[in-house]
Amino acid sequence: MHGPIRPARADTLLASVGERGILCDFYDENASEIFRDLEADAGGTEEAHGFAALVRPESGAILELGAGTGRLTIPLLELGWEVTALELSTAMLTTLRTRLADAPADLRDRCTLVHADMTAFKLGERFGTAILSPSTIDLLDDADRPGLYSSVREHLRPGGRFLLGMANPDASGRQEPLERTQEFTGRSGRRYVLHAKVYPSEEIRDVTIHPADESADPFVICVNRFRVITPDQIARELEQAGFDVVARTPLPGVRNHELVLEAQWGSVEDAH
């Protein structure tokens, strides 16, 4: 544990707000409230519908990796699926558990929460479908991704599908700017600023989220680092890990241009 990264943007903000400033990564307790507030703008329901449309009716329970605060989990449950939601962040998992406590009993009964690392877990059961939401793969570096593929492989039934969401760099027809700033409004009405900066030579993207209100106290600055990875690269890695990448499907959503890599493990005949 080395603490959150310190992008130049965060350092500037911390110097500006003084003792009111709190620096945290996206997945600790201070950040979970902000992400829950922003969830209304996150496109989770549309994305959940997009993923659900790719799940075979006979799939059974869905294994969701990196479930976070439930941006996809809750809509998938509302669509009638049974979901095993796996998350490493204790703070995020606590928020999701609270959300489920407030949900109808039918939803709670169809959700199993698991505190585990998606690159190394053992659940003792297999699923017809595993889902990884967009941008989550970007959290993993070259050394971690093989563990994800191996763990997913061990938890899919023969013929099972791994639905892996990613940004689609070809959808917009233009290259992503190296630096951008935009504002969002949360469910509470509070405004937030997102600042992203890409470092092409290092193939990373640093993201900073903070209140638009400069007088906020505390002034929580959330930071994280993502890898800049293309769908072609992940498709090659999946093939090397033994999956068959059978489709690339555009994913509906209001936030970004996204797609789903549909990867199959084995074949149904392997089960017999």
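Quick note: numbers below take in every heavy atom, side chains included, and nothing from hydrogens, waters or symmetry partners. On a predicted model such as this, the values are computed, not experimentally measured, just so you know.
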Counting distance only, does the side-chain N/O of [X] pair as donor-acceptor with the main-chain N or O of [Y] below 3.5 Å?
| X | Y | value |
| --- | --- | --- |
| Arg227 | Glu203 | no |
| Ser16 | Thr12 | no |
| Arg190 | Thr185 | no |
| Arg108 | Ala103 | yes |
| Arg145 | Leu238 | no |
| Thr95 | Ala91 | yes |
| Asp28 | Ala31 | yes |
| Ser151 | Gly147 | yes |
| Arg248 | Leu261 | no |
| Glu64 | Ile131 | no |

Are [Y] and [X] connected into the same hydrophobic cluster when the rule is that any two of I, L, V, M, F, W, Y join if their side-chain heavy atoms are below 4.5 Å apart?
| X | Y | result |
| --- | --- | --- |
| Val228 | Leu178 | yes |
| Leu88 | Leu100 | no |
| Leu13 | Val17 | yes |
| Val193 | Ile209 | no |

### Message
Can you list everything that forms a side-chain contact (heavy atoms from CB on, under 4.5 Å) with Ala216? Sequence neighbours excluded, please.
### Response
Pro211, Phe219

Heavy-atom side-chain proximity of [X] to [Y] below 4.5 angstrom:
| X | Y | result |
| --- | --- | --- |
| Leu164 | Val152 | no |
| Glu239 | Val245 | yes |
| Asn168 | Pro250 | no |
| Leu107 | Glu78 | yes |
| Leu63 | Leu123 | yes |
| Phe26 | Leu139 | no |
| Ile221 | Arg9 | no |

### Message
Go through it in stages, so that I can follow the logic: the residues are Ile74 and Leu96, the test is side-chain contact (heavy atoms from CB on, under 4.5 Å), and I'd like the CA-CA distance, side-chain angles, deciding distance and then a yes or no.
### Response
CA-CA 9 Å; Ile74 300 299; Leu96 177 50; 4.2 Å; yes

### Message
Over 60° means perpendicular and under 30° means parallel, so tell me whether Phe162 and Phe243 are parallel, tilted or perpendicular.
### Response
tilted

### Query
Going through the distances and angles, do Leu194 and Arg180 end up as a side-chain contact (heavy atoms from CB on, under 4.5 Å)?
CA-CA 8 Å; Leu194 179 147; Arg180 64 184 175 90; 3.8 Å; yes

Enter the distance from [X]:[atom1] to [Y]:[atom2] here, rounded to the nearest 0.5 Å.
| X | Y | atom1 | atom2 | result |
| --- | --- | --- | --- | --- |
| Ile137 | Leu148 | CD1 | CG | 5.0 Å |
| Leu65 | Leu72 | CG | CG | 11.5 Å |
| Leu54 | Thr129 | CG | OG1 | 9.5 Å |
| Tyr192 | His210 | OH | NE2 | 12.0 Å |
| Asp244 | Glu262 | CG | CD | 12.5 Å |
| Arg225 | Asp141 | CZ | CG | 11.5 Å |

### Query
Just wondering, more than 12 heavy atoms not from Glu125 lying within 6.0 Å of its CD?
yes

### Task
Count the heavy atoms of every other residue, nucleotide or ligand shown that sit under 6.0 Å from CD of Glu19, and state whether that count exceeds 12.
no

Is the closest basic N to carboxylate O distance between [X] and [Y] below 4.0 Å?
| X | Y | answer |
| --- | --- | --- |
| Asp37 | Arg187 | no |
| Asp232 | Arg236 | no |
| Lys197 | Asp206 | no |

### Met118 and Thr136: CA distance, side-chain angles, deciding distance, side-chain contact (heavy atoms from CB on, under 4.5 Å) verdict
CA-CA 10 Å; Met118 64 182 171; Thr136 307; 3.6 Å; yes

Kindly give the heavy-atom pair with the smallest separation between [X] and [Y], and that separation in Å.
| X | Y | value |
| --- | --- | --- |
| Arg110 | Gly80 | NH1-C, 3.4 Å |
| Gly68 | Glu87 | N-OE1, 2.7 Å |
| Ala116 | Leu86 | O-CD2, 3.3 Å |
| Leu132 | Phe51 | O-CZ, 3.7 Å |
| Ser215 | Arg20 | C-NH1, 3.4 Å |
| Pro7 | Val223 | CD-CG1, 3.9 Å |

### Message
The criterion is side-chain hydrogen bond (donor to acceptor under 3.5 Å, both in side chains); which residues satisfy it with Asp109, sequence neighbours excluded?
### Response
none

#### Entry: Pairing residues for Asp117 by the side-chain hydrogen bond (donor to acceptor under 3.5 Å, both in side chains) criterion, not counting sequence neighbours
Thr119

#### Entry: Other cluster members, Ile204 - Ile/Leu/Val/Met/Phe/Trp/Tyr, side-chain contacts below 4.5 Å
Tyr199

### Task
Please identify each residue that fulfils salt bridge (charged side-chain N to carboxylate O under 4.0 Å, His left out) with Arg97, with sequence neighbours left out.
none

### Task
Applying ring-ring contact (aromatic ring centres under 6.0 Å, His included), name anything that partners Phe121, two or more places apart in sequence or on another chain.
His155

### Query
Run the side-chain contact (heavy atoms from CB on, under 4.5 Å) check on Thr73 and Leu113 step by step: do they pass?
CA-CA 10 Å; Thr73 314; Leu113 300 184; 5.6 Å; no

